[in-house]
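Values below: all heavy atoms of this structure, side chains included; hydrogens, waters and symmetry mates excluded. Throughout, residue positions are numbered sequentially from 1 according to the sequence presented. Ligands are counted one by one from 1 in listed order, and the atoms in each one are counted from 1 as well. Note that the coordinates shown come from a computational prediction; the quantities given were computed from them, not determined experimentally.
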Amino acid sequence: MKVEVKRICCIGAGYVGGPSMAVMADKCPNIQFHVVDTNPERIQAWNCKNLNKLPIYEPGLSEIIERCRDKNLYFSCDVKQEISNADMIFISVNTPTKKRGLGAGQASDLKWIEACSRQIANYAKGHTIVVEKSTLPVKTALTIKSILDAYTNKGKYNTKDVKSFSILSNPEFLAEGTAIRDLINPDRILIGGDDNEAIRSLMNIYLNWIKKDQILTTDIWSSELSKLIANAFLAQRISSINSVSALCENTEANINDVAKAVGMDSRIGKDFLKSGPGFGGSCFKKDISNLIYICNHYGLYEVASYWEQVISLNEWQQKRIISTIVKKLYGTISGKKLTILGFAFKSNTNDTRESPAINICKNLLEEGCYLSIYDPKVAANQIVKDLNIEGFNDGNEFENSKLLETHSSVLEAVVNTDAIIILTDWEEFYDLNLEAIYDLMRPPCWIFDTRNVIDVKKAKSYGFNVWKLGNGKFT
Ligand code: NAD
Ligand code: UGA
């Protein structure tokens with residue numbers, strides 16, 4: 001059925017829903033975009049007059065919000081109203097790993113997808129195009145379809161309203177920290193489905209700023225699966241280079257040089273070959289775990305175990321960083337103060353989901369040290385929550401109150417510290433005032449650089465001891 005799309009509803013005002021609808025609204029001034037969420041605080045933050053208080057930090061986002069908000073871009077909790085007014089609905093809700101029950105720790109928890117489908121089935125009017133934007137296990141469209149069908153077929157849910165639906169898959173490939181750039185200039189747009197009119201309607205929206213040859217159309221299952229596989233391939237490259245970083249440390253080779261030499265082969269490519277403390281973020285581990293679950297479901301045990309290694313290596317990388325720090329600091333960090341620079345899972349985001357910093361900091365605290373943490377964008381209360389400080393020392397509040405300090409500058413965070421551990425590649429860490437930092441620390445001053453941001457020669461000239469991940473000369 002031909003649909004002229006004038007009004008779009010996006011369910012889920014998160015890291016994907018907010019930025020992706022903001023860019024679409026900016027590029028399509030004749031379409032109304034309504035982003036809805038059940039979380040009133042998030043919606044309030046999206047509507048906040050002070051653009052520094054948006055719920056998500058992304059370079060370039062606030063400028064677009066300023067241009068479009070309340071013109072053709074709206075944020076509200078009115079899920080029912082906006083679903084019923086929409087010609088097209090993007091589902092952009094969270095799909096985390098199941099914590100309990102069958103498939104716990106691997107399968108995706110689709111309860112939010114199911115809830116959305118029921119809301120859409122209940123409130124939609126006329127013909128509606130439903131677009132999966134969340135990352136979903138292959139075949140999820142069947143679940144959505146069967147819920148929507150149950151409401152349109154005659155029987156229990158038969159109403160006087162005539163409703164019909166087309167389902168499309170349109171996975172999102174943006175990376176946090178570069179979301180706006182990625183949305184404006186994506187490598188490709190992927191649309192999966194079998195209703196050509198619906199595909200055309202979605203394509204017409206993207207054609208406002210994307211060239212036609214960058215829009216790939218496939219069947220719905222290939223589209224759903226491609227998203228999981230793209231993330232698995234990216235994460236696999238990180239585990240590969242991190243495995244090599246350990247070898248470099250034992251052979252006096254330098255991981256940056258190896259990555260450069262390998263990446264200059266055009267068949268391999270230079271991107272995603274930066275070694276570090278392992279991949280974090282809300283999606284890589286979740287999506288590979290889901291892939292493993294699906295492979296096991298189909299009896300493809302060898303394939304599952306291949307992908308399992310990508311996650312194991314990632315965990316091992318963090319373990320070996322922790323044990324290196326303890327070993328270098330004379331075998332114990334009990335009672336010592338360590339400064340963590342960077343808590344977000346990567347630079348240019350305030351997101352800490354699955355950040356390597358969480359696991360590394362928790363393990364360092366278990367070893368009995370005190371932490372002093374600075375991150376330019378992550379709020380102090382988020383750090384306290386992520387580290388679950390109350391859980392230490394058998395819940396002794398007095399002892400736990402001493403475990404963690406959070407600071408608003410590097411120089412504040414390094415006072416009387418024994419070591420600095422760089423965990424996120426924020427721009428400002430490439431240009432630290434090493435002379436001033438050295439004077440504020442307790443000798444012998446150590447820097448553990450897991451992101452390759454420190455100029456080692458310079459740091460050594462001030463008297464620092466430096467361990468640089470993947471660099472055999474500084475191990
Ligand atoms: P998020 O947790 O930031 O946002 C999801 C939002 O959906 C939340 O605000 C939640 O309150 C809301 N929500 C859940 N159920 C709802 C319902 N029934 N009605 C209304 N609102 C509801 O998640 P995210 O990071 O934006 O990720 C969303 C999806 O996109 C996931 O499947 C993820 O794998 C995928 N994805 C994420 C990224 C990323 O960079 N974060 C990139 C590409 C794809
Ligand atoms: C990733 C993908 O890059 C996106 O294409 C995808 O849409 C998204 O997941 C998703 O589905 O959620 P994101 O997690 O936001 O995006 O960020 P990345 O740039 O991929 O970084 C992920 C992690 O890998 C970070 O911890 C980062 O520091 C680490 N990383 C990345 C490295 O250690 N080395 C690299 O070379 C690249």
With a cut-off of 4.0 Å, which atoms of ligand 2 are near a heavy atom of [X]?
| X | answer |
| --- | --- |
| Phe279 | 23 (C), 24 (O), 26 (O) |
| Lys227 | 6 (C), 7 (O), 10 (C), 11 (O) |
| Leu234 | 2 (C), 3 (O) |
| Glu172 | 7 (O) |
| Phe173 | 4 (C), 5 (O), 6 (C), 7 (O) |
| Cys283 | 10 (C), 11 (O), 12 (O) |

Would Ser169 and Ser223 count as having a side-chain donor-acceptor pair, cut-off 3.5 Å? yes
Between the side chains of Thr352 and Asp386, is a donor N or O closer than 3.5 angstrom to an acceptor N or O? yes
Taking all non-hydrogen atoms of both residues into account, name the closest pair between Ile180 and Gly60 and its distance. CG1-C, 4.0 Å
Note the single closest protein heavy atom to atom 20 (O) of ligand 2, along with its residue, its atom name and the distance in Å. Phe272 CZ, 3.1 Å
Tyr374 and His407: CA distance, side-chain angles, deciding distance, ring-ring contact (aromatic ring centres under 6.0 Å, His included) verdict: CA-CA 5 Å; Tyr374 166 68; His407 292 284; 8.7 Å; no
Can you list everything that forms a ring-ring contact (aromatic ring centres under 6.0 Å, His included) with Trp112? Sequence neighbours excluded, please. none
With Gln106, the side chain to side chain contact (heavy atoms under 4.5 Å, CB included) member among His297, Lys98, Glu308: Glu308
Looking at ligand 2, does Gly276 have a heavy atom less than 4.0 Å from it? no
Hey, does Arg237 sit under 4.0 Å from ligand 2 if you only count heavy atoms? no
Listing request: all salt bridge (charged side-chain N to carboxylate O under 4.0 Å, His left out) pairs with a residue in residues 168-195, at least two apart in sequence or in separate chains. Lys133-Glu172, Glu176-Arg353
Whether Trp209 and Tyr206 hold their rings parallel, tilted or perpendicular, with breakpoints at 30° and 60°: tilted
Can you figure out which of Gln317, Lys274, Arg451 has its heavy atom closest to atom 36 (O) of ligand 2? Lys274
Using heavy-atom distances, let me know which of Val16, Asp271, Ile238 sits nearest atom 29 (C) of ligand 2. Ile238
Do ligand 2 and Gly281 have nitrogen or oxygen atoms that lie under 3.5 Å from each other? no
Taking side chain as C-beta onward, heavy atoms only, is Asp26 less than 4.5 Å from Leu73? no
Side-chain heavy atoms of Thr217 within contact of Met203, under 4.5 Å: yes
In a table with atom names and distances, give each donor-acceptor pair under 3.5 Å that connects a side chain of residues 279-289 to protein atoms at least two apart or in another chain.
unit_1 : atom_1 : unit_2 : atom_2 : d
Lys286 : NZ     : Thr95  : OG1    : 3.2
Asp287 : OD2    : Asn231 : ND2    : 2.7
Ser289 : OG     : Lys285 : O      : 2.6

Can you tell me which residues line ligand 1 if we count any heavy atom under 4.0 angstrom from one of its atoms, in chain and number order? Ile11, Gly12, Gly14, Tyr15, Val16, Asp37, Thr38, Asn39, Arg42, Ser92, Val93, Asn94, Thr95, Trp112, Cys116, Gln119, Ser134, Thr135, Glu172, Leu174, Glu176, Lys227, Ser282, Cys283, Lys286, Arg353
